[in-house]
There are 2 protein chains.
Amino acid sequence: MKPTLQAVAEAVGVSRSTVSNAYGRPDQLSAELRQRILDTARQMGYPGPNPTARSLRRGFVGAIGVLFTSRLSYAFTDAFAVRFLTGVAEAAERHDSSLLLVPLPVGLAGARKAVENAAVDGFCVYCAGDEGGIIDTIRGRGLPFVTTSARPQPGDRWVGIDERSAARSAAEHLTALGHRRVALLAHDVLPDAGTGRLRVANVTDVPHPTTRDRLAGVADAFAAAGVAWSDLTVLSAADNDRAAGAAAVRALDAGPEPCTAVLACSDVLALGALDALRAGGEEGRRVSVTGFDDIPEAAPAGLTTVRQPGEEKGRTAAALLFDPPADASAGQIQLPTTLVVRTSSGPVPRS
Amino acid sequence: MKPTLQAVAEAVGVSRSTVSNAYGRPDQLSAELRQRILDTARQMGYPGPNPTARSLRRGFVGAIGVLFTSRLSYAFTDAFAVRFLTGVAEAAERHDSSLLLVPLPVGLAGARKAVENAAVDGFCVYCAGDEGGIIDTIRGRGLPFVTTSARPQPGDRWVGIDERSAARSAAEHLTALGHRRVALLAHDVLPDAGTGRLRVANVTDVPHPTTRDRLAGVADAFAAAGVAWSDLTVLSAADNDRAAGAAAVRALDAGPEPCTAVLACSDVLALGALDALRAGGEEGRRVSVTGFDDIPEAAPAGLTTVRQPGEEKGRTAAALLFDPPADASAGQIQLPTTLVVRTSSGPVPRS
DNA sequence: TTGAAAGCGCTACCAT
DNA sequence: ATGGTAGCGCTTTCAA
């Protein structure tokens, strides 16, 4: 058994308070006594104040939780999530705080438990919308939290982008280039949708709020160009990763009037689409592709995409958590997006 | 202020134990009483038992810490780290445990503090060697831990690969193809080495143990093929990511006798090298490239590489933590590696 | 500069 | 099935 602070105090012949001060408030005791305490402690194998006990007593933990829907691994699969995390980590580090990554299991009960058990001082919610009312559970904990979901409740701290108009900008880029037969490539279009073409009667049927908003923006742009929603191809990827994007595009039967462009809802999917198309020879290379996020791999691949500032999003979220704005109405921060045109998109080839 | 369990007990008119049981041991009280307690609690806004207090009382936390040297963001930059983390996460999830990602600041003092403050039940040490004796601090906490470093202390639980012979297999592949003028691309060759060619008198001068072991394996293979260490080009990348790999290769002046192959110490670097070389036209395309890890992006890129089982490494590490082998000598697990030959490597072109 | 006392919020044991 | 008691290990007044 590890010795406790108490044991050290007895060994040195001082009170527990003094030992505690030796660790947490060096200015409260003489340097020599402090040294003597620390030496004895080391010698006894005392590991320093127990973090849990300290947290309980102090009333705060020194860690913030980052909540993810779906498997934790998803957090790492998408390069954009990675950038977000990087930003959060950076800000947390500055505030001497660690990061507790909390995967939310699929069921609400499990998700609740995860939120209730997390020993943290606050939450960054990095996930979809409020599937299953998990936000209420978070609110119930009475801890500060920041959302990045597509639709924040009024009063909640939030950092995000205008998903709809961001997506519209990509779609308008394609319509301006003359594209009319376009495949919309996304994960999370419908629950458990596999790989391949999908019938989606109405954009509002898409449950995942981010995907819905992006597709709605796309629909806006094409409607303005005279292309009805039903004339667009919705292409489902089984996962949000490069391989799944490639697989989805491969599954798309060319047909008599093949699509001239693929508009993907994330860069990883778009890169997968490029993989598949470039492997498809001359034909494939002429298909335009756009992505979303502008992850680091996008530029070398020449991918046209909508840039959203990932790290800044993470940093901002953490900042909102650590330094809440005095005025609650300043707690919703919308970050700008930019269409970055590279070589993966071009005019419709004259056949 | 949030109500406590105590307050709920008073409101319902039962003892604290009973309320506690309502949450943690449903079988200890009648269903109806339990329901009444839960309802009252919800109504009062009681968030459920405070995790910190619970941990203190129970004596365990329900979270394991994953320790990283260098910036936390590094954890997410390398796709291999991501796979490892995925494996750990998976195992942790099965054990109802969360993951605390603990970035170790550069200085030893800061790193110590991070280890000492982490409220966890055990550690997975995912990083280099024992830079600065941080392992001793971990050991000092008296918590179980698992290392993945290149050189475990005897008795410590460890999971890893034979770095040296794994790297040798890649190098032998190149020598068998006739390559003699080869660039060795690595991050962490020397502390704070930037981008570009580096003079490394001796492999043993490389401080980072993993990099050292891999380079040593490469040296073995080339020595066997009659190529001295000093005839190999050591190419330093400023970071362990794709862009840095590309930058390093671009910085390599072709010279009169350009390298015919690039052997990278990680797949992300190798993919960067391919980016740079493929942009370099016909000439560049003829340079062979090999990587290390076999991350998901390697296959689509046709990258020849040494596969190490990332997720399995993570899963095994966590398993070792949660279910320690009865026999301590079984606590060191070496995972197999395989050379995966794809299209990025080929015979030296006859010029 | 040091120490004594009080309790952070909870759960596990042992009675009843 | 329910309650009383006794801390988990620490920090923080406040008094000396």
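By convention in this document, chain letters (A, B, ...) are assigned in the order of the sequence lines, proteins followed by strands, and residues within each chain are numbered from 1.
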Given atom CD of B:E116 and atom C1' of D:dC10, what is their separation to the nearest angstrom?
15 Å
Quick one: label A:L29 by what it contacts on the DNA or RNA (base, sugar-phosphate, nothing), any heavy atom closer than 4.0 Å.
sugar-phosphate
For atom CD of B:Q28 and atom C1' of C:dC10, their distance in whole Å:
16 Å
The residue, B:L33 or A:A53, whose nearest nucleotide of DNA chain D is more 5′ is B:L33
Counting only side-chain heavy atoms from C-beta out, which of C:dG3, C:dC10, D:dC10 sits nearest to B:P49?
C:dC10
Does B:R54 have a side-chain nitrogen or oxygen under 4.0 Å from the phosphate oxygens OP1 or OP2 of C:dT11?
yes
Residue whose closest nucleotide on DNA chain D lies nearer the 5' end, A:G48 versus B:S15:
B:S15
Crowded around B:Q334 CD? As in, over 12 foreign heavy atoms under 6.0 Å?
yes
I need the CG-P distance between A:L5 and D:dC8, as an integer number of Å.
13 Å
Can a donor-acceptor pair under 3.5 Å be found between the side-chain atoms of B:S17 and the base atoms of D:dG4?
yes
Here's a test of your reading of the structure: between B:R57 and A:G13, which maps to the more 5' nucleotide of DNA chain C?
A:G13
Looking at the side chain of A:T4, which of D:dC10, C:dC10, D:dT2 is the nearest nucleotide?
D:dC10
Hey, is the side chain of B:R25 poking within less than 4.0 Å of OP1 or OP2 on C:dA12, counting only N and O atoms?
yes
Show the nearest heavy-atom pair for residues A:P51 and B:N117, with the distance to one decimal.
CB-O, 3.4 Å
Please verify the inter-ring angle class for B:Y23 with B:Y46; under 30° counts as parallel, over 60° as perpendicular, anything in between as tilted.
perpendicular
Heavy atoms only, 4.0 Å cut-off, all strands: where does A:Y46 land among base, sugar-phosphate and nothing?
sugar-phosphate
Distance, rounded to the nearest Å, where B:F60 contributes CZ and C:dT11 contributes P
11 Å
Does a side-chain N-to-carboxylate-O contact under 4.0 Å join A:R42 and A:D39?
yes
A:R16 side chain: which of D:dC10, C:dG3, C:dG9 is closest?
D:dC10
Does A:T18 put a side-chain nitrogen or oxygen below 4.0 Å from OP1 or OP2 of C:dG3?
yes
